[in-house]
Amino acid sequence: MERCVVRCVPCESKLTISFNLDGSNKHMLREQTEPLGKVLDRIANGIIKTQSKAKKSKQSKGKSETPEADKPEISLCVNGEHVSVETLNSDAWQDGAVLHVGDLKYKVERNPPTFTVSELPSSLMSEFPVCPKIEIEFGDLKDSKFRWFKESSPNAHMSGDPDCWKEAGLERVFTPSNLDIGLRVMLKCTPANGSKFGEPKELVSSGTVEAGPGTCTFDNRHLYTQKVTDESSLRVVSYNILADIYAQTDLSKTVLYPYCAPYALEMDYRQNLIKKELSGYNADIICLQEVDKGAFLDSLSPALDAFGLEGVFKIKERQYEGLATYFRRSKLKLLEQYDVMLSEALTADPLHRELLEKVSTNPSLKEKIENRATTLQVTILQSLCDPSRILCVGNTHLYWHPKGGNIRLVQIAVALKHMKQVVTEKHPGARLLFAGDFNSTPSSGLFQLVCQGSVSENHDDWASNGPEEQIQVGLDNPFQLASACGVPAYTNYVGGFQGCLDYIFVEPHVLQVEQVIPLPSHEEVTTYQALPSVSHPSDHIALVCDLKWRTSD
């Protein structure tokens, strides 16, 4: 029996009815509150028009008469009984009903599992995971079926011979080998919800599998992260992945990264590396900076979703990149988000009135801070195995300028106070995990404030851009924090600068550091002179550590 697919969602005013008739796909959009009879008449009239056109085309020029087409019998039945033509569409088109169109019968499938998006990435590389972008309605991807195929030889698919495809995998993600270089791949995927299956899709890659770069800087790191941590631990990653809008500028190609092969700065190439690197960490929480909106939606989220991670995104205003926080859905649940633009919080939130007054004594500094779109992403996560464990995860990327230490001090003060209010008033008892690219070395006032608890009004950073932008403010940290990964020699390694700018700050009395995943060796980092390179997708290096919940006495 043919299929008649009906999509009917209570919150929408219309439903759709789709079926094939005489080789053409009929797709009808009708009001849910309309009587069934009107739809059946519409189907019948459509058939009459089609028949009339066919007969007219066969008539000779000398004949002008068109015999009246016979009106076909159209009905909808449930359990062999005709559904009344007065029944509303929303009630009439039930799952399992049968649509009769003349002698043809169609089984109604109401809201079957359906892929609303199904795409393969444009760039495929050997030894790197191919993660399709797939979104499903009325179903669950974990129930869906996936079958991967590869060509038997280059361009074999052009022959049209079905035997040209050889089965290669049955998982949602497929990793081609070096033997697959030069071949296209195909995915046959069927949406499902439990034992209920929808219409299958067949996707063929637009290009062939290309050779990968061989050994990457993160390969040895993956030896330490082969398994997901247990329920008492959390693996955390913080990583500035280098936004495409910055990687593709003339400045980047000629001044910042002239040593990097141009193809290795391309978005598709770097995304392959990033997806393999992140998936191999088997992390529970990933804080990313410099995330292009398109990369979040089209590349990172589909890939990380396949590896069990869910993500939230906060774009910087006036820019095309932002912050992304991912969490393992089998271990953590999203409770709430409290994202802020730090300059807006400073000027608009009474919480920061005292700091604002001091900043306002220097109009030049105040204007500079207000012009920054620097954002703090705040995500509240709850442990599924122990609901009393609640984490406030801060993720940020602070002002970049080497002489901007004064601005970063104001930004970090606003960020810490904002998160303190969240864990005090919104989620009492929540613990802080604060990660990101702080653009601050271990000798900075910012690092002193975060890890030692205070910074004096006379700290050199207040005069980092000269006396004309100087203010004198003593700051205190409302949290007791430590750098989980210590102070590596560098987390950013480019031709003109090497230094430690990235950190994962934790409350050590709550989360104990179990393991810090070693950074790539200096030899690995400098194999191609500096970062990024053909074997490393960013100018930063990911920080990765395992944290263990301390048991309360």
Side-chain angles (χ1 to χ4, degrees), residues 238 338 340 342-343 345-347 349-362 365-366 368-369 372 374 376 378 392-399 401-425 428 430-467 469-488 491 499-513 543 550:
S238 183
Y338 298 96
V340 289
L342 295 176
S343 58
L346 174 65
T347 55
D349 191 336
L351 186 67
H352 311 293
R353 184 179 292 120
E354 186 179 339
L355 181 57
L356 177 62
E357 288 173 359
K358 292 181 178 179
V359 169
S360 298
T361 62
N362 189 318
L365 176 63
K366 182 172 183 280
K368 210 165 186 178
I369 291 172
R372 305 268 71 80
T374 307
L376 171 69
V378 181
C392 171
V393 180
N395 181 17
T396 196
H397 182 192
L398 299 186
Y399 181 48
H401 201 284
K403 294 183 178 180
N406 54 346
I407 293 175
R408 287 188 288 276
L409 276 173
V410 173
Q411 290 178 336
I412 196 74
V414 173
L416 290 168
K417 205 158 191 178
H418 175 77
M419 291 186 292
K420 185 64 177 178
Q421 184 184 46
V422 169
V423 301
T424 303
E425 299 178 12
R431 300 305 185 179
L432 182 66
L433 174 74
F434 191 16
D437 176 358
F438 295 85
N439 274 309
S440 303
T441 63
S443 63
S444 65
L446 181 146
F447 189 83
Q448 180 183 320
L449 171 64
V450 175
C451 291
Q452 296 179 25
S454 64
V455 67
S456 76
E457 60 184 20
N458 298 315
H459 194 281
D460 290 347
D461 276 6
W462 289 119
S464 58
N465 201 34
E469 276 189 13
Q470 185 174 2
I471 58 173
Q472 290 188 310
V473 185
L475 297 173
D476 293 311
N477 183 356
F479 297 94
Q480 288 184 310
L481 299 173
S483 175
C485 298
V487 284
T491 61
C500 180
L501 304 177
D502 306 83
Y503 306 95
I504 297 172
F505 295 118
V506 299
E507 296 182 276
H509 60 287
V510 179
L511 288 167
Q512 175 184 353
V513 179
L543 293 176
R550 289 187 186 271

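Quick caveat, the model's predicted, so the values are computed rather than measured.
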Checklist entry - Yes or no on side-chain contact (heavy atoms from CB on, under 4.5 Å) for L449 and H459, after CA distance, side-chain angles and deciding distance? => result CA-CA 11 Å; L449 171 64; H459 194 281; over 6 Å; no
Checklist entry - Heavy atoms, side chains only, cut-off 4.5 Å: are V423 and F479 in contact? => result yes
Checklist outcome for this item: Note: R431 and E507 closest approach over all heavy atoms is CA-OE1, 3.3 Å
Checklist entry - Can you tell me how far the CD atom of Q448 sits from the CG atom of L475, to the nearest 0.5 Å? => result 10.5 Å
Item to check | For K368 against Y399, the heavy-atom pair lying closest together | outcome: CE-OH, 4.0 Å
Next on the checklist: Among residues at least two apart in sequence or on other chains, which ones pass ring-ring contact (aromatic ring centres under 6.0 Å, His included) with F505?
Outcome noted: F438, Y503
Checklist entry - When you look at R372 and L342, which way does the side-chain contact (heavy atoms from CB on, under 4.5 Å) test go after all the steps? => result CA-CA 8 Å; R372 305 268 71 80; L342 295 176; over 6 Å; no
Next on the checklist: L398 vs L446, test: side-chain contact (heavy atoms from CB on, under 4.5 Å). Steps then yes/no.
Outcome noted: CA-CA 11 Å; L398 299 186; L446 181 146; 3.4 Å; yes
Checklist entry - Which pair of heavy atoms, one from D476 and one from S454, lies closest together, and at what distance? => result OD1-CB, 3.3 Å
Checklist entry - Which heavy atom in Q472 sits nearest to a heavy atom in N458, and how many Å separate them? => result NE2-OD1, 3.1 Å
Checklist outcome for this item: For L365 and E469, the nearest pair of non-hydrogen atoms, with its separation, is CD2-O, 3.7 Å
Checklist entry - Roughly how far, to the nearest 0.5 Å, is CG of L432 from NZ of K420? => result 9.0 Å
Checklist entry - Does the W462 side chain pair with the main chain of S456, one donor and one acceptor, at a distance under 3.5 Å? => result yes
Checklist entry - Out of L501, D461, V450, which residue meets the side chain to side chain contact (heavy atoms under 4.5 Å, CB included) rule with S444? => result D461
Checklist outcome for this item: In this structure, CG of N439 is separated from CD1 of I407 (nearest 0.5 Å) by 11.5 Å
Item to check | Close side-chain approach of K366 and L356, heavy atoms under 4.5 Å | outcome: yes
Item to check | Heavy atoms from other residues, nucleotides or ligands near CD of E457 exceed 12 (cutoff 6.0 Å) | outcome: yes
Item to check | Residues forming a ring-ring contact (aromatic ring centres under 6.0 Å, His included) with Y338, sequence neighbours excluded | outcome: H427
Let me have the donor-acceptor pairs involving side chains of residues 480-488, under 3.5 Å, with sequence neighbours excluded, atom names and distances please.
from	atom 1	to	atom 2	distance (Å)
S483	OG	G486	N	3.4
S483	OG	G486	O	2.6

Checklist outcome for this item: The reported gap from CG in N395 to CG in L376 (rounded to nearest 0.5 angstrom) is 8.0 Å
Item to check | Backbone N/O of S343 and side chain of T347: donor-acceptor pair under 3.5 Å | outcome: yes
Checklist entry - Which is it for V393 and V378 under the side-chain contact (heavy atoms from CB on, under 4.5 Å) test, yes or no, and what are the steps along the way? => result CA-CA 6 Å; V393 180; V378 181; over 6 Å; no
Item to check | Side-chain (D437) to main-chain (H397) donor-acceptor, under 3.5 angstrom | outcome: no
Checklist entry - Are any side-chain N or O atoms of R408 and backbone N or O atoms of S440, one a donor and one an acceptor, separated by less than 3.5 Å? => result no
Next on the checklist: What's the separation between atom CD in Q421 and atom CG in L416, rounded to the nearest 0.5 Å?
Outcome noted: 13.5 Å
Checklist entry - Within the side chain of S238, is there an N or O that forms a donor-acceptor pair under 3.5 Å with the backbone of L543? => result no
Checklist outcome for this item: So CG of D349 and NE2 of H418: to nearest 0.5 Å the spacing works out to 8.0 Å
Checklist outcome for this item: Heavy-atom closest pair (I471 atom, K358 atom, distance to 0.1 Å) is CG2-O, 3.8 Å
